[in-house]
Amino acid sequence: MLYKDTHQLIAYSKKADSLAEHYQIDSIQVNALNYLSYAAINAGRLDEAIAYNKKATDISESKNLNNEKALSNYYRGYILYATGQPDSSLKVLNQVYEKGMQFKDLSLQLKCLNTIAANYLTQGKYKDALEKFTRAYHLADSLVMKDKLINLSLNIGTTFLYNEELDKALEYFEKVISISDTANVTIAYASALNNIGACYSRMGKHKKALTYFDKALPAYIKLNNNYQIAQVYTNLGQSNYFIDNVELASKYLKNAINLNRKNQSQNQLIVNLILLAKLNIEDSNFREAKYNLDEALGLANEYNINYNKGDLYQTYSYYYSERKQFEQALEYKQKELNLKDSIFNESRQQQISELQTKFETKQKQIENESLRKDISLNRLQIEKQNQVRDLLIVITLIVIGLIFILLNRARLKKKSHQIIEAQKSELEILNKTKDKFFSIIAHDLRSPFNALIGLSNLLSSSYDHLSDEERKNFIHDLNTASESAFSLLDNLLTWARVQQDSLKIQKQKEDISLLIKESIEPLEATAKLKNISIENTVNLKSKVLIDMFMIKTLMVNLINNALKFTNEGGSIKISGEEKGGKTIISISDNGVGMSQEQMNQLFKLGKNKSTLGTNNETGTGLGLILCQEFIEKNDGQIWVESKEGEGSTFRFSLVTASPD
């Protein structure tokens, strides 16, 4: 977009600047900022251009980026040129050119030569301008830079235009148009149209000139280039002035002055002020004319802008002549003639013609020694760049290898740390599981062993007073209690394995009615000791999808709790129903019940404190927490309803299995 659209150039450069700053790629950021400064000056925003260039220079200096620093200084020189300060611009650009020679940076040398020549053009040093443009042209040709060749052809034509060699100038401008892509407008194409108009204007063909200016204006507007738009306004004002269209000329000139003041483009502003002064004189507005002429002269002297001083002196002479101040008019006419003599003497014309001949000869004889030297230097630079590139590739591969090794070591270290942390976590879980396991043993095995001890004591102390039938019953109860204790212990060991993930949960379709009967049997002895009746009304035909060991342990725990908190002579009821794809089992007792606060803490680890049973039975307080864990592993839920003094009902849900 550098030669096509200033707004697009700004957009892409800002994006590049943002990305480069984010990823800390300093060299790219400096280049993006320099493009922004170039675009800003062409868009007429001098303050922004200076700010971008300063930031680019500061970064390149702080990061010791010598090539980028040189490029930033070049753009500083370009800003000075664009704002009509040729002396300051040349001082900067000559220093940068020396750096380009030192770094063997042909692209930077080319940029400097082009802008140095443009400064000489501003100062009216046409021989020097043409010599620099010619050197730049051959350098661009050796580098096969088509865009630069087009622009340099334009600049060489402009040099002939300023030197009043209009036929030669037209040849170059028409060449630019012929090799440009007219469907894809560039600055060179638009400038060629503008300069052809300027040639015809100097030939006195002002109406023909206007047709080219009218084509150039929309082209520059499409490029969003305010700097060049102002120049076209100037040319439109001048041509309309010459065909006596004073009103339109004044309008275009004022537009040009406003833009050039905003752009701080001093050289164009001088041209505008001279033309406007001529209009003022013809309108007898002498005060305004003198003001504009004095401002133009002040700018020309301050910034050493000489190429339009002859026109300025001529207008001063015209001004004093119209004011009848003939002595001053004669003085400025003499200044005008002296200036023309110094610029357009025969020797100067001959020098320029010789340079033109040399230039054309060089174009036809591309194999001459000077060009071969440029090409040789370019090849040497390319070879050196290739060597540097290869070295950088090797270094990069080594660095990547080292980074890979370091990252791999870091990954292994991290993995080892994770394994250690996992083992630590596993040990903590095992330790907690151990604590839970012993708590369960103390909690859930106490009841069957109490029954065993009680029945055995009773059998031992009353054996002689019991009948054979009673002895058989006691022995049967002892056997049942023993089997219950063993079964519970086996289930607890199984649970411990589940906690350690050494036993996978195996869900199967089970008959819940049968499972409840099997869960009641080991607790019947305890019920008899407290004279508590257990009523089981569960008779469901459908099956549930569960892990049998977990749910059986759950049932035993809940029934055992009901026995613990039910008074002697009380009752326990077990019922079931199917609802919404769930099988809900309820275990109700008419025991002591619970307060709301007790229910809130019931299933919370560390907060559920064991309560003494109606016969002072003790426990660990972990039984219900384990029940909740088991029911959740079987995709179910457990909850309680209770009132103090009226008993409790524990309910849990299981997934109803689909029919076979």
Side-chain angles (χ1 to χ4, degrees), residues 436 439-448 451 484-485 487-489 491-492 494-495 510 512-527 530 532-538 540 544 546-567 570-577 582-594 598-599 601-605 608 610-614 617-643 646-654:
K436 277 187 179 182
S439 297
I440 294 166
I441 292 173
H443 176 265
D444 288 341
L445 288 181
R446 187 179 296 276
S447 293
S484 172
S487 177
L488 180 58
L489 181 59
N491 287 339
L492 289 172
T494 301
W495 172 83
E510 302 287 351
I512 189 64
S513 301
L514 179 61
L515 189 64
I516 290 172
K517 289 178 183 178
E518 292 175 355
S519 301
I520 293 171
E521 286 178 1
L523 298 172
E524 287 179 342
T526 302
K530 293 186 72 172
I532 295 172
S533 64
I534 300 177
E535 181 183 354
N536 177 19
T537 62
V538 178
L540 301 172
V544 290
I546 59 170
D547 182 292
M548 183 182 67
F549 296 107
M550 287 189 177
I551 300 306
K552 194 170 183 180
T553 303
L554 165 76
M555 285 295 305
V556 170
N557 216 316
L558 291 177
I559 296 169
N560 191 51
N561 277 349
L563 289 170
K564 177 179 175 182
F565 295 105
T566 301
N567 294 308
S571 63
I572 296 171
K573 293 182 180 180
I574 304 173
S575 60
E577 62 175 328
K582 298 284 186 179
T583 297
I584 300 174
I585 305 299
S586 302
I587 301 172
S588 303
D589 63 64
N590 58 359
V592 296
M594 289 178 284
Q598 287 175 309
M599 285 191 287
Q601 304 298 327
L602 206 57
F603 297 104
K604 295 181 180 179
L605 185 64
N608 180 21
S610 177
T611 307
L612 291 175
T614 53
E617 299 98 328
T618 61
T620 63
L622 292 172
L624 290 176
I625 294 167
L626 301 178
C627 288
Q628 184 183 41
E629 187 173 342
F630 286 159
I631 200 70
E632 287 176 354
K633 288 183 180 292
N634 283 270
D635 302 317
Q637 291 181 313
I638 185 169
W639 65 97
V640 64
E641 299 168 5
S642 183
K643 287 187 179 180
E646 297 182 13
S648 303
T649 298
F650 283 85
R651 292 188 173 88
F652 61 89
S653 64
L654 299 170

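Since we're looking at a predicted model, the values are computed, not measured.
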- Message: Whether the side chain of Ser653 engages the backbone of Gln637 through a donor-acceptor N/O pair (distance < 3.5 Å, no angle test) should be reported.
- Response: yes
- Query: Between Lys530 (side chain) and Thr566 (backbone), is there a donor-acceptor pair under 3.5 Å?
  - Reply: yes
- Lys573 atom NZ, neighbour heavy-atom count above 12 within 6.0 Å: no
- Message: Can you tell me how far apart CE (Met555) and CZ (Phe652) are? Round to the nearest 0.5 Å.
- Response: 5.0 Å
- Message: Could you measure the distance from the OG atom of Ser513 to the CG atom of Asn536? Nearest 0.5 Å is fine.
- Response: 7.5 Å
- d(Phe650 CZ, Ile559 CD1) to nearest 0.5 Å is 12.5 Å
- Message: Checking the side chain of Thr583 only, and the main-chain atoms of Val544 only, is there a donor and an acceptor separated by less than 3.5 Å?
- Response: no
- Message: What I'd like to find out is whether the side chain of Ile638 reaches to under 4.5 Å of the side chain of Leu554, using heavy atoms alone.
- Response: yes
- Please examine the side chains of Leu654 and Ile584, heavy atoms only from C-beta on, and report whether any two atoms are closer than 4.5 Å. no
- Query: At what distance, to the nearest 0.5 angstrom, does CE of Met599 lie from NZ of Lys643?
  - Reply: 9.5 Å
- Leu540 and Gly576: which non-hydrogen atoms are nearest, and at how many Å? CD2-O, 4.1 Å
- pair Ile631-Met550: side-chain heavy atoms closer than 4.5 Å: no
- Just how far is it from atom CD1 of Ile534 to atom CD of Glu521, taken to the nearest 0.5 Å? 11.0 Å
Please tabulate, one pair per line, all N/O donor-acceptor pairs under 3.5 Å involving side-chain atoms of residues 585-592, not counting sequence neighbours.
residue : atom : partner : partner atom : Å
Ser586  : OG   : Arg651  : NE           : 2.9
Ser588  : OG   : Thr649  : OG1          : 2.9
Asp589  : OD1  : Gly591  : N            : 2.8
Asp589  : OD1  : Ser648  : N            : 3.2
Asn590  : OD1  : Ser571  : N            : 3.2

- Just wondering, do Lys633 and Asp547 contact through their side chains at under 4.5 Å, heavy atoms? no
- Item | Test item: Ile512 and Leu515 side chains (from C-beta on) under 4.5 Å apart, heavy atoms | yes
- Item | Greater than 12 external heavy atoms within 6.0 Å of Glu577's CD | yes
- Message: Can you give me the closest heavy-atom contact between Ser575 and Val538, atom names plus distance?
- Response: C-CG2, 3.5 Å
- Message: Taking Gly636's backbone N and O only, do any of them form a donor-acceptor pair with Asn634's side chain (distance below 3.5 Å, no angle check)?
- Response: no
- Message: Just verifying a value: how many Å separate Leu558 CG and Ile551 CD1, rounded to the nearest 0.5 Å?
- Response: 10.0 Å
- Message: Has Asn567 got a side-chain atom pairing as donor or acceptor with Gly570's backbone, closer than 3.5 angstrom?
- Response: no
- Message: Working note: Asp635 + Ile546, criterion side-chain contact (heavy atoms from CB on, under 4.5 Å); need CA distance, chi angles, decisive distance, verdict.
- Response: CA-CA 9 Å; Asp635 302 317; Ile546 59 170; over 6 Å; no
- Item | Side-chain (Ser642) to main-chain (Gly647) donor-acceptor, under 3.5 angstrom | yes
